[in-house]
Amino acid sequence: MSDKVLSVKDLVINFRTDSGILHAVRNVSFDLERGETLCIVGESGSGKSVTSKAIMGILANNAIIENGTIMYRGENLLEVSEEEFYKIRGHKIGMIFQDPLSSLNPIVKIGKQITEAMLINSNQLKIMYQDLISDDLIAYKNNYARRDINVANAKKSLAAYIKDTKKELAKPENKTKEKREEFANSVKTKKQETLETIKKHKTEAKEKAPALKAKLAETKKQAKVKVKQYKVQITKEHQANLNHLKDELASGRLTTDAYSAQVEQENLAFQNKLKITKAEAKRRAIEVMREVGIPEPERRFKQYPFEFSGGMRQRIVIAIALTAAPEILICDEPTTALDVTIQAQILELINKIKRERDLSCIFITHDLGVVANMADRVAVMYAGKIVEYGTAEEVFFDPRHPYTWALLSSIPDVDSKERLDAIPGTPPNMVYPPKGDAFALRSKYAMKVDFEEEPPMFKITDSHYAATWLLDERAPKVEMPKIVSERIRIALEKGDK
């Protein structure tokens, strides 16, 4: 049975730049199942990191989310308030960035950086109260957040339209009275449509607000009662435990030293149920440092980032991401800055932690060689679109898109004697997206239709899809590059032995 933890549908993200609107992500869709690793592969600029930043809610201010949804726990992350994202980002969805040194504060000791989030969220009763009111508070806040986001997007869209219109007017062929009037009317119509859209979003939010506010007030009232009852309960249990220890001492079953040690332990346990202490935060930090393979964590807890190697700094970043026990871990090219040996260690570590914690993982990389050791499923991205999508076995042993062939052809391999193929040319300028298949100009398999019409996603199996006209029944039959077919043959022969 399918158990989706994250679902991205028809995501479209543009950026306002001095050169015009840059089309970074174009109708991207994928699902992430519980406990699986989805690898997103592609060259720099293909839209991989932009997609992950949209999931984390950390897109740049010049980003325009034109369309799509990112569903997590029944919520569209593109419409939630910043207050809600604060509870999700780092806590439910963690992220490891590609350069560990830039992710760490160089003048703050490692221990403090790992324990910082734990100590900020140390008040356990406050957290319990916030969890109890969370759903209704989120619904109330998101009502206004959704309004503000929709209004902001409408204004951004209008501003981009006006800017593009002015550029068109600057062209010599458009410097006529008729053209000026035509453009002026189009801008006027666009402004009117924008005003109507803004009014609609504001009205919807206003109508929903009273019922949401009343429900939140009642939930807060009930939550305060539950928190008070919990505090009374743990206080009674604590006192009962202390009385039991006194009886044990009085009966002679505990020595004075053992009694003192157990009383201290009981007091600390009770205190941590109310508020996490610095000592408890340090204990948990050292525990997670040990989990990610950092030797002598007690000593290294007091060191600065510059005292660690690149691989150890990456382990520290992973430790920070794990302290909140996230459900989803996004790894944005975490091994790019590391040498091959350390890269293998980090990949093995991420796989180990994923298994032990039953994490769902999105792994972003440009290296298909890395993907082979990580992926359950693979999404190959090019020019802001997913061009091939399938299980790791399908993408590696039955690739169908010319871009996937090109990536596989460029990976060094000890078994194949074929010469590596470099991908010719450069990725397209997405301020001016190419017509048809974006990879056509770089592909030796391109047909006339590739330059005229964008290919749809062709279904190969229930789990394998590729966007290439080569899969159309009218297309000529072509063979994948010899270097790819040879590697597949060798790998299958090894698997049979």
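- The side-chain heavy atoms of L6 and I328, taken from C-beta on, include a pair separated by under 4.5 Å.
- In this structure the side chain of M312 reaches within 4.5 angstrom of the side chain of R300, judged on heavy atoms.
- Environment of NZ in K167: crowded, with over 12 heavy atoms of neighbouring residues, nucleotides or ligands closer than 6.0 Å.
- Atom-to-atom distance recorded for I386:CD1 and S29:OG is 7.0 Å, nearest 0.5 angstrom.
- Using a cut-off of 4.0 Å between Lys/Arg side-chain N and Asp/Glu carboxylate O, E196 and K191 are scored as not salt-bridged.
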For the pair T69 and D10, evaluate side chain to side chain contact (heavy atoms under 4.5 Å, CB included) and give the outcome as yes or no after the intermediate values.
-> CA-CA 7 Å; T69 59; D10 302 320; over 6 Å; no

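- Taking all atoms of both residues into account, the shortest heavy-atom contact from V371 to T365 is CG2-CG2, 3.5 Å.
- Listed by chain and residue number, R315, T341, I342 satisfy the side chain to side chain contact (heavy atoms under 4.5 Å, CB included) test with Q345 (two or more places apart in sequence, or in another chain).
- In this structure, the side chains of I88 and Y72 come closer than 4.5 Å at one or more pairs of heavy atoms.
- A donor-acceptor contact shorter than 3.5 Å links the side chain of T461 to the backbone of S463.
- Considering every non-hydrogen atom in both V317 and S103, the closest pair reads CG2-CB, 4.2 Å.
- Remark: R34 engages D3, V5, E327, D358, S360 in a side chain to side chain contact (heavy atoms under 4.5 Å, CB included) (not counting sequence neighbours).
- Across L408 and R487, no two heavy atoms sit closer than the pair O-NH1, 2.7 Å.
- Here Q314 contributes atom CD and F97 contributes atom CZ; the two are 11.0 Å apart, rounded to the nearest 0.5 Å.
- The structure places CG of L169 at 9.0 Å from OG1 of T176, a figure rounded to the nearest 0.5 Å.
- For the pair N62 (side chain) and R16 (backbone), a donor-acceptor distance under 3.5 Å is present.
- Cation-pi geometry between R147 and Y144 is not satisfied (NZ or CZ under 6.0 Å from the ring centre, within 45° of the ring normal).
- In this structure a side-chain-to-backbone donor-acceptor pair under 3.5 Å is missing from W469 to K448.
- For the pair F363/P334, a side-chain contact is recorded, criterion being any heavy-atom separation below 4.5 Å from C-beta on.
- By the neighbour-count criterion of 12 heavy atoms within 6.0 Å, atom CD of E168 is densely surrounded, having more than that number from other residues, nucleotides or ligands.
- With a 4.5 Å cut-off on side-chain heavy atoms, V387 and F439 do not count as touching.
- Look at R400 and E394 and you find no salt bridge, because none of the NZ, NE, NH1 or NH2 atoms lies under 4.0 Å from a carboxylate O.
- A side-chain N or O of Y403 and one of E43 form a donor-acceptor pair less than 3.5 Å apart.
- Ionic pairing of K53 and D332 is not present here: no N-O contact between side-chain nitrogen and carboxylate oxygen is shorter than 4.0 angstrom.
- Within 6.0 Å of CD on E307 lie more than 12 heavy atoms contributed by other residues, nucleotides or ligands.
- Separation of atoms CG (N27) and CG (L11) is listed at 8.5 Å; rounding is to 0.5 Å.
- Counting heavy atoms from C-beta on, the side chains of P402 and M480 never come closer than 4.5 Å.
- In terms of modelled atom types and a separation under 3.5 Å, the side chain of E116 and the main chain of Q113 share no donor-acceptor contact.
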Intermediate values then yes/no, side chain to side chain contact (heavy atoms under 4.5 Å, CB included), I58 and F85 | CA-CA 10 Å; I58 54 174; F85 240 130; over 6 Å; no

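- Between P433 and H23 the shortest heavy-atom distance is CG-CD2, 3.3 Å.
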Which is it for I350 and C331 under the side chain to side chain contact (heavy atoms under 4.5 Å, CB included) test, yes or no, and what are the steps along the way?
-> CA-CA 9 Å; I350 292 172; C331 307; 4.1 Å; yes

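- E287 and R284 are not joined by a salt bridge, as no carboxylate oxygen comes within less than 4.0 angstrom of a charged side-chain nitrogen.
- Among all heavy-atom pairs drawn from P305 and L104, the shortest one is CG-CB, 4.0 Å.
- A salt bridge links E356 and K352; the closest N-O separation between the charged side-chain nitrogens and carboxylate oxygens is under 4.0 Å.
- The local environment of CG in N185 is crowded, with over 12 non-hydrogen atoms from other residues, nucleotides or ligands closer than 6.0 Å.
- Counting only distance, with no hydrogens or angles, the side chain of S52 and the backbone of S49 share a donor-acceptor pair below 3.5 Å.
- Between the R313 side chain and the F308 main chain, a donor and an acceptor come within less than 3.5 Å of each other.
- Pairing each heavy atom of E36 with each of D376, the nearest pair is CA-OD2, 3.2 Å.
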List the steps and the verdict of side chain to side chain contact (heavy atoms under 4.5 Å, CB included) for L407 and W405.
-> CA-CA 6 Å; L407 289 177; W405 295 345; over 6 Å; no

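- Distance alone, capped at 3.5 Å, is enough to place a donor-acceptor pair between the N76 side chain and the I70 backbone.
- A distance of 12.0 Å separates CD1 of I96 from CD1 of I316, quoted to the nearest 0.5 Å.
- Side chains of T37 and K354 form a contact here, defined as non-hydrogen atoms less than 4.5 Å apart.
- With hydrogens and angles disregarded, a donor-acceptor distance shorter than 3.5 Å links the side chain of E388 to the backbone of H401.
- For the pair K190 and Y161, the cation sits on the ring face: its NZ or CZ lies under 6.0 Å from the ring centre, inside 45° of the axis.
- Considering only heavy atoms from C-beta on, I488 comes within 4.5 Å of V484 through its side chain.
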Kindly indicate, with the supporting measurements, whether the criterion salt bridge (charged side-chain N to carboxylate O under 4.0 Å, His left out) is fulfilled by D31 and R377.
-> CA-CA 10 Å; D31 297 322; R377 280 189 299 146; 5.7 Å; no

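- Judged by distance alone, with hydrogens and angles left aside, the side-chain atoms of K156 form no donor-acceptor pair with the main-chain N or O of E66 at under 3.5 Å.
- With salt bridges taken as basic N to acidic carboxylate O contacts below 4.0 Å, one links R357 and E291.
- In this structure, D450 contributes its side chain and A446 its backbone to no donor-acceptor pair below 3.5 Å.
- Between I110 atom CD1 and I294 atom CD1 the span is 7.5 Å, to the nearest 0.5 Å.
- Centroid-to-centroid, the aromatic rings of Y389 and Y465 stay 6.0 Å apart or farther.
- If you run salt bridge (Lys or Arg N to Asp or Glu O under 4.0 Å) between R146 and each of E204, E75, E79, only E79 comes through.
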